[in-house]
Every structure is written in structure tokens, then in C-alpha cells.
Amino acid sequence: MFKREEYVLDAQWQRFLDLSKDFATPNIFIDLDTIRQRFIQLKDSFPYAYFYYAVKANPGVPVIRLLDKLGSNFDIASRYELDLVLSLGISPDRISYGNTIKKAEDVAYFYEKGVRMFATDSKEDLKNIARCAPGSRVYVRILVENSSTADWPLSRKFGCHPDMAYDLLVHARDSGLTPYGISFHVGSQQRDIGQWNDAIAKTKYLFESLEEEEGIRLSMINMGGGFPAHYIQPTNDLSDYASEITRYLEDDFGENIPMIVFEPGRSLVGDSGVLTSQVVLISRKNNTALQRWVYLDAGKFNGLIETLDESIKYPIITEKDGGKDGEVILAGPTCDSADIMYEDLKYRLPLDLKSGDRIYWLSTGAYTSSYASVYFNGFPPIQTFYIVDGKIEDKDGNPVSR
């Protein structure tokens with residue numbers, strides 16, 4: 001059993017219950033007050049840094065509007081995210097095209113809209129940027145191995161070896177682009193702060209060798225994301241991340257620390273969300289089975305995809321917590337055998353749980369609604385609502401009546 005008060009304060013919880021009680025499940029409620037607090041905490045922890053919110057974590061209009069007011073910049077993954085952000089009046093000079101996997105026509109589209117900062121990690125992509133976005137600033141993403149200590153690793157698919165990064169930045173200069181910096185990502189929900197030390201050391205090597213051998217002076221280090229949300233596995237406080245990362249930078253760069261960029265997503269919006277699901281069915285696979293199968297109306301395909309391989313372990317509570325409980329296997333509603341959230345990890349739920357009871361998934365503000373399927377098995381995308389100054393808005397920022 002999980003103690004709700006360790007994740008959501010009493011006043012916030014009561015407000016959530018009052019506002020969400022009349023809404024059909026499954027749904028997600030996002031509390032913007034939590035996001036505001038997290039952003040301020042990040043700025044206070046890294047006063048020297050610039051923040052580019054990873055829109056993919058939660059692309060709700062209320063979230064983007066809030067972070068815009070707070071002074072955030074924005075990391076964009078596609079032209080569709082770009083259109084959304086620009087439609088809210090955000091200037092393209094506050095936008096970075098951080099996806100290294102993109103079509104040439106998308107590069108041209110971003111350039112046409114005024115974006116001038118692009119990530120890359122391959123020769124072919126760099127050629128497209130040089131051709132379709134002449135004169136732009138480019139930063140190269142390097143490989144970082146982080147599979148064992150990040151709950152959601154981001155190695156292998158993204159980034160290149162430092163030697164290739166060196167060559168790409170030289171080619172960028174020779175192609176009329178501006179070699180701007182180095183980027184890395186130590187893995188989402190990274191619990192080993194030392195991973196930043198290794199990545200910063202590789203970055204320092206590139207900064208020095210490019211300046212000494214090619215006369216290329218880089219300006220920026222983009223450290224991506226990686227700071228944790230509050231799930232069931234313990235992590236260090238953000239203050240510990242900040243003090244250690246700052247020390248790593250000072251050890252390597254001394255007083256000449258370049259421009260530092262972070263792309264927070266999970267750490268900004270993760271703790272802001274509560275996903276409410278309902279028990280559809282409880283069954284046992286034989287007459288003497290000790291474990292119950294608990295089937296919910298939310299599953300991997302409508303909000304909980306990050307339970308894939310049981311990677312992200314959300315805290316779960318019910319209205320019946322406090323009595324006798326037993327081990328369960330948690331599964332979703334679809335006709336797909338992969339739609340099982342937790343089987344190896346033994347969650348425990350009340351023995352008197354029954355169909356119709358509500359199950360609350362805490363810390364579900366990141367990568368839930370944005371990952372949900374459109375129409376698998378006919379189930380619509382999970383409804384997401386935003387608590388803004390005590391009122392409810394939908395994903396497009398429109399008022400919602402209860």
C-alpha cells in the first residue's frame with residue numbers, strides 16, 4: 001500500500017476529488033499548481049541554465065500557456081507540436097527542433113516558420129539541415145549508455161559516438177551552418193547522478209579538441225532531461241542533482257561554463273497528474289489461485305504505456321486502502337494479451353475490492369495522455385483535464401462544466 005500524502009498534499013487531493021468526482025473514467029486530471037512549483041524549483045536549482053520544456057511529455061494547451069508565462073522555452077519533436085506552440089503566440093526564437101529523426105521537408109517547414117536551432121546526430125540529417133535551413137545553429141547529440149540506471153533508457157536509437165560528433169560539427173561549419181553545441185540525454189527517470197559526470201566529461205573533450213584542432217568554439221551544452229518524478233522507487237532530491245551537476249561542470253570547465261540548456265519533461269509535469277480508472281472485473285485463473293487478476297478500464301493503450309516491461313512503477317491507491325490486502329495482477333481492458341501493466345512486480349490491493357471501485361494512479365502527468373492510442377479496440381483516447389486556478393479546462397484550454 002502507498003501513502004497518498006507522500007505524493008499529494010491533503011488540500012490538493014481534496015480539490016482533485018471535488019473536481020473529478022462527476023467525470024466518467026478513465027480520465028487524467030493535471031494540477032497546474034504542481035507544474036508551477038516544479039518549474040520554479042528547477043529555476044532556483046539551476047539559476048544559470050535555460051529551460052526548454054519537452055512538449056511531448058504533456059502537450060496540453062494549459063501546460064504550455066503556464067510555462068510560457070513562467071519564461072520557459074520549448075523543445076519540439078514534430079511540425080504538429082510546432083504548429084501548436086506557435087498558435088499560442090510563442091516566438092520561434094524560443095523553440096528548438098530537438099528531434100534528430102526528421103524529414104527534409106520538416107526541416108524546411110521549421111525554417112520557414114522561423115526556427116533556427118536544430119539537433120542532429122547523422123550525416124544525412126545534417127545535409128538536410130544545411131540545404132533546408134541554411135545558416136542555422138546545430139548541436140550534435142552524443143551517445144550515452146544509461147540502460148541500467150534509468151527507468152526509461154534513451155540510448156542506442158539517439159546520438160552518435162563522440163568521434164562522429166566531432167566530424168559532424170566540422171562538416172556543419174564547412175556547410176555554412178553554425179556549430180553551436182553538444183547535446184546528450186542520460187535517460188528518463190535517471191537515478192544515478194554520476195551519469196551526468198561521464199557525459200559532461202565527453203562533452204568537455206569535444207569542446208577542447210574542436211577549438212584546438214579546428215578553431216571551432218562551441219557555445220552550448222544541452223543536457224536534455226532525466227530528472228525524476230515521484231514514483232515508487234526512491235530517488236535523490238533535485239537539490240542533490242543540482243549540486244552534483246554544478247560541481248561536475250565546474251570541475252571540467254572552471255569559470256568558463258558554456259550556456260547550459262535543460263529539456264525537462266517528466267520532472268516538470270509527472271507529479272501533477274492523477275489517472276482515475278475503474279475496476280471492470282476481478283477474477284482468478286483457478287479455484288485455488290492466490291493472486292487475483294484485476295482488470296481496469298485504463299491500460300497500456302490508453303494512458304499507461306510506460307508500464308511496458310514494468311519500467312515506470314506508479315504509486316496506486318484506492319478508496320478502500322487500510323484493510324486487508326493481497327497480491328494482484330493489473331491488466332487493461334483491451335483484447336490484447338500485452339495489455340498487462342504489472343505481473344512480476346507484486347502490487348497489493350484491498351481484498352474487498354470489487355467491480356466499479358475506483359483506482360487512482362498517482363504521478364501520471366507525463367507521457368500518459370500523449371502516448372494514448374487513438375482508437376484501439378474502439379476505445380477513445382483517455383480524457384485529460386487541467387485544474388487551472390480551481391477551474392477545469394480541456395486539453396485545448398477550453399472551460400469544462402461539471
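The first residue of the sequence shown is numbered 1, and numbering continues consecutively from there. FYI, side chains are in, hydrogens and waters are out, and symmetry mates aren't considered; it's all heavy atoms of this structure.
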- Would you say Arg284's side chain and Ala289's backbone share a donor-acceptor pair under 3.5 angstrom? yes
- Message: Using side-chain heavy atoms (C-beta onward) and a distance below 4.5 Å, is Leu296 in contact with Trp361?
- Response: yes
- Got a salt bridge between Asp93 and Arg116, using NZ or NE/NH1/NH2 to carboxylate O under 4.0 Å? no
- Message: I'd like to know if Asp325 pairs up with Arg348 as an ion pair, taking the criterion as any Lys NZ or Arg NE/NH1/NH2 lying under 4.0 Å from an Asp or Glu carboxylate oxygen.
- Response: yes
- Task: Identify which one of Phe29, Tyr7, Phe2, Trp13 satisfies the ring-ring contact (aromatic ring centres under 6.0 Å, His included) criterion when paired with Tyr360.
- Result: Trp13
- Item | Lys/Arg-Asp/Glu bridge criterion (N-O < 4.0 Å) met for Arg79, Asp83 | no
- Item | Under 3.5 Å: donor-acceptor pair, side chain of Ser272, backbone of Ile30 | no
Return all side-chain donor-acceptor pairs below 3.5 angstrom for residues 58-65, not counting sequence neighbours, or 'none' if the list is empty.
| unit_1 | atom_1 | unit_2 | atom_2 | d |
| --- | --- | --- | --- | --- |
| Asn58 | OD1 | Gly60 | N | 3.1 |
| Asn58 | OD1 | Tyr386 | OH | 2.8 |
| Asn58 | ND2 | Gly365 | O | 2.9 |

- Message: I'd like to know whether the aromatic ring centres of Phe379 and Phe301 sit less than 6.0 Å apart in this structure.
- Response: no
- Check whether any side-chain N or O of Gln12 sits under 3.5 Å from a backbone N or O of Val8 as a donor-acceptor pair, and report yes or no. no
- Task: State which residues pass salt bridge (charged side-chain N to carboxylate O under 4.0 Å, His left out) with Asp10; sequence neighbours excluded, sorted by chain then number.
- Result: Arg4
- Message: Does this structure show an ion pair linking Arg94 with Asp68, if we count only N-O contacts that are shorter than 4.0 Å?
- Response: yes
- Query: Got a second to check how far Tyr241's OH is from Arg191's CZ, nearest 0.5 Å?
  - Reply: 8.0 Å
- Are Phe51 and Leu70 side-chain neighbours, meaning at least one heavy-atom pair lies under 4.5 Å? no
- Is there a donor-acceptor pair under 3.5 Å between the side chain of Thr384 and the backbone N or O of Lys395? no
- Is the NZ or CZ atom of Lys202 both under 6.0 Å from the centre of the six-membered ring of Phe184 and within 45° of that ring's axis? no
- Query: How long is the gap from OG1 on Thr235 to NE2 on His230, to the nearest 0.5 Å?
  - Reply: 7.0 Å
- Query: Step by step, would you call Asp18 with Arg15 a salt bridge (Lys or Arg N to Asp or Glu O under 4.0 Å)?
  - Reply: CA-CA 5 Å; Asp18 291 342; Arg15 179 173 59 181; over 6 Å; no
- Item | Separation of Gln189 CD from Phe227 CZ (nearest 0.5 Å) | 12.0 Å
- Message: So, taking the atom named CG in Leu249 and the one named CG in Asn256, what distance separates them when rounded to the nearest 0.5 Å?
- Response: 12.0 Å
- OG of Ser277 to CD1 of Ile359: how many Å apart, nearest 0.5 Å? 5.5 Å
- Message: Using 30° and 60° as the class boundaries, would you call the ring planes of Phe46 and Phe262 parallel, tilted or perpendicular?
- Response: tilted
- Indicate yes or no for a side-chain donor-acceptor contact from Thr364 to the backbone of Gly273 under 3.5 Å, with no hydrogens or angles considered. yes
- Task: Please lay out, stage by stage, how Arg266 and Ser188 fare under the test side chain to side chain donor-acceptor pair (under 3.5 Å).
- Result: CA-CA 8 Å; Arg266 188 185 306 280; Ser188 194; 2.8 Å; yes
- Message: Within the 4.5 Å heavy-atom criterion, are Tyr97 and Leu82 side-chain neighbours or not?
- Response: no
- Judged by atom type as modelled, is there a donor-acceptor pair below 3.5 Å linking the side chain of Glu244 to the main-chain atoms of Gly194? no
- Would you check if the side chain of Thr307 reaches a backbone N or O of Leu304 as a donor-acceptor pair within less than 3.5 Å? yes
- Task: Compare all side-chain heavy atoms of Lys102 with those of Asp125 and state whether any distance is below 4.5 angstrom.
- Result: yes
- Side chain Asp396, main chain Asn398, donor-acceptor under 3.5 Å: no
- Message: Donor-acceptor pair, distance only, cut-off 3.5 Å: does the side chain of Asp44 make one with the backbone of Gln41?
- Response: no
- Message: What I'd like to find out is whether the side chain of Met220 reaches to under 4.5 Å of the side chain of Tyr139, using heavy atoms alone.
- Response: yes
- Do side-chain atoms of Ser355 reach the backbone of Val280 as a donor and acceptor pair under 3.5 angstrom? yes
- Query: Between Arg173 and Val170, is a side-chain contact (heavy atoms from CB on, under 4.5 Å) present by the stated rule, with each step listed?
  - Reply: CA-CA 5 Å; Arg173 178 199 60 190; Val170 172; 3.7 Å; yes
- Under a 4.5 Å cut-off applied to non-hydrogen side-chain atoms, are Glu343 and Glu310 in contact? yes
- Taking the side chain as every heavy atom from C-beta outward, state whether Tyr52 and Met117 have any atom pair closer than 4.5 Å. yes
- Between CD of Glu263 and NZ of Lys56, what distance do you get to the nearest 0.5 Å? 6.5 Å
- Query: Should Tyr314 and Tyr231 be marked as a ring-ring contact (aromatic ring centres under 6.0 Å, His included) after you check the CA-CA gap, both sets of side-chain angles, and the distance that decides it?
  - Reply: CA-CA 5 Å; Tyr314 298 104; Tyr231 302 130; 5.4 Å; yes
